[in-house]
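The shown structure was predicted, so the numbers you read here are calculated from the model rather than taken from an experiment. All residue numbers refer to positions in the sequence shown, counting from 1.
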Amino acid sequence: MAERSFAREVEDLKLGEGELFRGEGILAITKALLQSGVAYVGGYQGSPISHLMDVLSDAKPVLDELGVHFESSASEAAAAAMLSASVMYPLRGAVTWKSTAGTNVASDALTNLASSGVVGGALIILGEDYGEGSSIPQERSHAFAMKSQMWLLDPRPNLESIVKSVEDGFELSEASNTPVMLQVRIRACHVHGQFTAKDNQKPKYTIKEALENPVRELDRIVLPPQSITIHDRDKIEKRWPAALQFIKDKKLNEHFGPEKGPVGIILQGGMYNSVIRGLQLLGLADSYGNSAIPLYVLNITYPLVDDEVVAFCAGKQAVLMVEEGHPEYLEQAVATALRRRDIQTVLAGKGTLPIRGDYTAAVLMKGVEKFLGEHAPQYLGNRPPLPSADAVLADPKVKALADVVPARPAGFCTGCPERPIFAAMKLVEQELGEHHVSADIGCHLFSILPPFNIGGSTMGYGLGPASASAFNVDAEKRSIAVMGDGGFWHNGLSTSVGNAVYNKHNGVIMVVDNYYSSATGGQDILSSRALNPLRSTNNSITKAVKGIGAKWVRQIDRTYDVGKMRDTLKEALTSNEEGPKIIVASSECMLNKQRREKPLFSKSVKDGKRMVRERFGVDEDTCTGDHACIRLSGCPSLSLKHTNDPLRDDPIVAIDNSCVGCGNCGEVSEAAVLCPSFYRADIIYNPSKTDLFMARVRTAVIGFFQRRRQARRIAFA
């Protein structure tokens with residue numbers, strides 16, 4: 001296994017009443033679940049929530065002692081369906097995934113879960129990956145909460161608030177018989193801090209008790225059409241009022257700053273830290289968070305408590321709604337609440353603040369400054385000099401860098417086994433021409449960018465081959481679809497491969513098997529080669545596709561063999577056999593391999609064992625300087641350097657110290673019939689006497705020929 005270990009941090013999960021818990025937001029959530037008496041936990045890994053799954057996996061002894069069932073779900077849909085245990089039984093359950101991508105996958109199960117309602121507390125922990133650094137399209141979980149009528153928590157980004165929100169979330173769910181979403185943004189997941197711990201609680205009602213005492217309530221089963229009207233009435237007439245009352249009674253939303261003022265700010269809880277920082281830069285808040293402007297913090301962003309909104313806005317000239325993302329759901333809801341009560345307070349929001357993008361402290365500082373300038377300029381009379389990079393960015397020399405410094409797109413890691421797959425595809429492209437390539441979610445998506453420039457669409461996790469299904473027509477060329485092993489087990493086996501087999505699709509499907517769910521941190525999956533004592537691994541992708549009817553299947557167990565990859569892909573594109581042509585290209589993820597092997601290698605060297613590490617280099621005299629190897633490999637360890645040869649103007653290729661010795665550059669050169677300039681060197685640690693003797697012999701022989709060549713050069717000069 002190569003998953004990141006949280007063995008040390010797991011010890012903190014055992015802290016008891018009154019002890020101080022220090023750590024990261026993800027760990028605090030885990031501790032809060034255990035303090036809340038959760039009975040079962042599941043989920044699917046994905047940034048920024050991956051580590052929650054890793055922590056729970058490492059915490060198995062703690063979970064077992066408490067009687068908590070933990071499961072790594074096959075997909076977000078499987079995790080959401082798991083919460084059905086709370087529909088009939090008073091079991092507290094929690095699941096987690098990356099949102100909104102994962103929420104899209106889980107939406108069918110969530111719709112039914114929200115329809116039937118729950119008896120036990122059901123908490124959905126969403127890692128909200130929103131902003132310019134996001135790895136998903138820009139959407140919001142808020143839409144799903146409104147659509148299915150589930151309550152949405154967005155706590156202030158500090159450990160005390162996050163832990164309290166987990167506890168409040170379970171209670172709110174039980175008080176209103178409704179599943180609750182807990183949205184934790186990237187900054188909340190990775191914020192560090194401390195809180196006073198409580199004792200872990202065993203579940204008040206266990207999975208074992210539920211199994212041994214089955215319950216069946218017909219009205220709670222989603223059974224259209226008769227149940228739909230019952231459930232809809234229950235949502236509106238019982239659950240919603242119960243949720244609003246609980247939120248008001250428990251004061252889950254918070255007020256900061258003075259009680260009264262000419263203006264105020266309403267904000268999502270997750271925006272609190274950035275708003276306070278923006279106010280600090282304007283001189284309107286101190287380092288302890290004391291604000292000169294009244295703040296109404298929505299730790300519950302859905303449902304909105306109209307009474308609280310109206311009470312906050314009444315008597316103020318204007319309020320600013322700080323709502324990151326679009327559309328402006330909260331702004332619309334606040335406007336409706338004010339107008340229905342005939343409150344004439346001016347509502348500012350989008351327009352004063354940007355319509356889209358991250359609301360960083362700098363963005364909020366400018367937005368709040370604009371708002372106050374229009375509605376309460378007296379607050380801006382004693383502000384400090386505002387930090388600004390505008391002058392630097394306006395410098396012509398800085399602007400000129402945009403034309404000189406090349407863009408640095410995301411790319412594969414050094415030694416990545418997926419790079420030779422796309423090098424082989426480029427070689428086939430040179431011979432057979434360009435083909436339509438459907439991409440998928442995962443590391444292989446980087447093939448769309450330079451130097452490979454392969455890929456025409458991305459439709460979803462495990463949907464690469466399905467997104468090529470419309471191209472199943474007679475033509476001179478076939479489509480190629482690329483899918484990773486994570487996507488294959490998540491959704492691709494049935495939706496993509498099964499669909500292609502059923503419809504006799506003649507396209508090519510490339511399944512990139514790197515032994516892990518690599519892009520999310522190296523978690524094991526069904527086809528991982530590791531012997532995992534907790535899960536079933538070593539399940540063959542090749543057997544799986546054959547099991548659903550695929551006939552043309554090729555397994556390649558070493559993707560670094562570029563020649564074999566090229567020939568197999570060419571065969572797939574030219575075969576006359578009917579049906580999908582499936583290539584399973586397998587090699588271990590190099591990042592996880594290095595993570596696993598480096599500590600073992602270093603320990604062996606330290607223990608005095610003879611160890612050999614392979615490195616590759618480029619012969620300066622042989623390199624032609626055409627850089628084709630870089631264009632066909634793109635490895636970050638390949639760079640350029642100038643020589644001292646006055647007859648050579650172009651820089652030559654060089655390999656830096658990040659090389660991991662995968663050999664891909666040499667394989668590509670051989671398959672593409674490039675210059676034979678690559679060589680391999682074996683670096684020996686703790687050499688034997690034989691190694692030392694052979695080194696002296698080689699040095700003498702090489703030195704002899706080098707001196708002779710130098711003498712000839714001098715003679716010719």
Side-chain angles (χ1 to χ4, degrees), residues 2 411-428 430 443-444 446-447 451-452 454 510 512-516 518 529 554-570 583-598 600-602 604-605 610-624 626-641 652-685 691 698:
F412 298 103
C413 301
T414 301
C416 175
E418 299 184 17
R419 185 176 285 108
I421 295 173
F422 299 107
M425 290 178 70
K426 294 298 287 185
L427 294 174
V428 172
Q430 290 176 2
C443 299
H444 46 274
F446 296 141
S447 63
F452 301 112
I454 293 173
M510 177 79 72
V512 180
D513 171 26
N514 57 26
Y515 305 0
Y516 307 95
S518 298
R529 307 296 175 94
R554 302 289 185 271
Q555 171 77 46
I556 298 177
D557 260 334
R558 187 179 180 276
T559 62
Y560 296 105
D561 189 339
V562 179
K564 186 174 182 180
M565 285 296 313
R566 175 200 59 200
D567 295 342
T568 305
L569 182 59
K570 184 179 176 182
I583 302 171
V584 182
S586 303
S587 275
E588 183 176 9
C589 166
M590 184 57 72
L591 185 64
N592 285 299
K593 182 178 181 181
Q594 293 295 315
R595 186 187 296 166
R596 176 171 54 81
E597 290 188 347
K598 274 187 175 181
L600 300 177
F601 188 95
S602 299
S604 296
V605 171
R610 180 184 181 274
M611 301 296 293
V612 180
R613 181 163 66 93
E614 293 181 349
R615 283 291 307 276
F616 284 81
V618 175
D619 187 336
E620 295 186 7
D621 294 327
T622 308
C623 178
T624 62
D626 70 345
H627 312 147
C629 53
I630 292 179
R631 293 194 297 273
L632 281 170
S633 171
C635 181
S637 68
L638 291 176
S639 58
L640 299 175
K641 74 173 184 178
I652 63 169
V653 174
I655 299 180
D656 63 27
N657 287 329
S658 66
C659 173
V660 295
C662 70
N664 179 54
C665 48
E667 291 279 354
V668 170
S669 295
E670 182 178 337
V673 196
L674 299 175
C675 62
S677 58
F678 290 93
Y679 65 83
R680 191 189 83 185
D682 292 342
I683 302 174
I684 302 175
Y685 297 83
D691 293 326
R698 292 189 185 102

Peer 1: Between Ile421 and Ile583, is any pair of side-chain heavy atoms under 4.5 Å apart?
Peer 2: no
Peer 1: Determine, stepwise, if the pair Leu427 / Lys570 fulfils side-chain contact (heavy atoms from CB on, under 4.5 Å).
Peer 2: CA-CA 10 Å; Leu427 294 174; Lys570 184 179 176 182; over 6 Å; no
Peer 1: Could you report the tightest heavy-atom contact between Cys659 and Arg613, atom names first, then the distance?
Peer 2: O-NH1, 4.5 Å
Peer 1: Side chains of Gln555 and Ser586: is there a donor and an acceptor less than 3.5 Å apart?
Peer 2: yes
Peer 1: Against Val612, only a single residue in Asp691, Ile683, Ile684 fulfils side chain to side chain contact (heavy atoms under 4.5 Å, CB included); can you say which?
Peer 2: Ile684
Peer 1: Flag the pair Asp561 / Met565 as yes when at least one side-chain heavy-atom distance between them is below 4.5 Å, and no otherwise.
Peer 2: no
Peer 1: Supply the atom-to-atom distance Asn592 CG to Asn514 CG, rounded to the nearest 0.5 angstrom.
Peer 2: 7.5 Å
Peer 1: Could you go through Lys641 and Asp656, starting from their C-alpha distance and side-chain angles, then the distance that decides it, and tell me whether this counts as salt bridge (charged side-chain N to carboxylate O under 4.0 Å, His left out)?
Peer 2: CA-CA 10 Å; Lys641 74 173 184 178; Asp656 63 27; over 6 Å; no
Peer 1: For the atom pair OH (Tyr560) and CZ (Arg419), what is the distance rounded to the nearest 0.5 Å?
Peer 2: 9.0 Å
Peer 1: Does the side chain of Met590 reach to within under 4.5 Å of the side chain of Pro417, using non-hydrogen atoms?
Peer 2: yes
Peer 1: Run the side-chain contact (heavy atoms from CB on, under 4.5 Å) check on Ser447 and Phe412 step by step: do they pass?
Peer 2: CA-CA 8 Å; Ser447 63; Phe412 298 103; 4.2 Å; yes
Peer 1: Got Cys629 and Phe678 here, is their nearest side-chain heavy-atom distance under 4.5 Å?
Peer 2: yes
Peer 1: Could you report the tightest heavy-atom contact between Cys623 and Ser677, atom names first, then the distance?
Peer 2: N-CB, 3.7 Å
Peer 1: Rounded to the nearest 0.5 Å, what separation is found between the OG1 atom of Thr414 and the CG atom of Leu638?
Peer 2: 9.0 Å
Peer 1: For Arg558, enumerate each residue passing the side-chain hydrogen bond (donor to acceptor under 3.5 Å, both in side chains) test, keeping only those at least two apart in sequence or located in another chain.
Peer 2: none
Peer 1: Is Thr559 reaching over with its side chain to a backbone N or O of Ala585, donor-acceptor style, under 3.5 angstrom?
Peer 2: no
Peer 1: Can you find a pair of side-chain heavy atoms, one from Arg596 and one from Glu588, that are under 4.5 Å apart?
Peer 2: yes
Peer 1: Take Val584 and Arg554, measure what side-chain contact (heavy atoms from CB on, under 4.5 Å) needs, and give me the verdict at the end.
Peer 2: CA-CA 6 Å; Val584 182; Arg554 302 289 185 271; over 6 Å; no
Peer 1: To the nearest 0.5 Å, what is the distance between CG on Asn664 and OG on Ser633?
Peer 2: 4.5 Å
Peer 1: Working to the nearest 0.5 Å, report the span between CG of Asp513 and CZ of Arg529.
Peer 2: 5.5 Å
Peer 1: Answer yes or no: is there a side-chain heavy-atom contact under 4.5 Å between Lys426 and Val562?
Peer 2: no
Peer 1: Specify the closest pair of heavy atoms between Glu418 and Cys443, including all atoms of both residues, with the distance to one decimal.
Peer 2: OE1-C, 3.6 Å
Peer 1: Distance from Glu667 atom CD to Arg566 atom CZ, nearest 0.5 Å?
Peer 2: 10.5 Å
Peer 1: For this output row, return yes or no: ring centroids of Phe422 and Phe446 closer than 6.0 angstrom.
Peer 2: no
Peer 1: Which heavy-atom pair separates Ala423 from Phe452 by the least distance, and what is that distance?
Peer 2: N-CE2, 3.7 Å
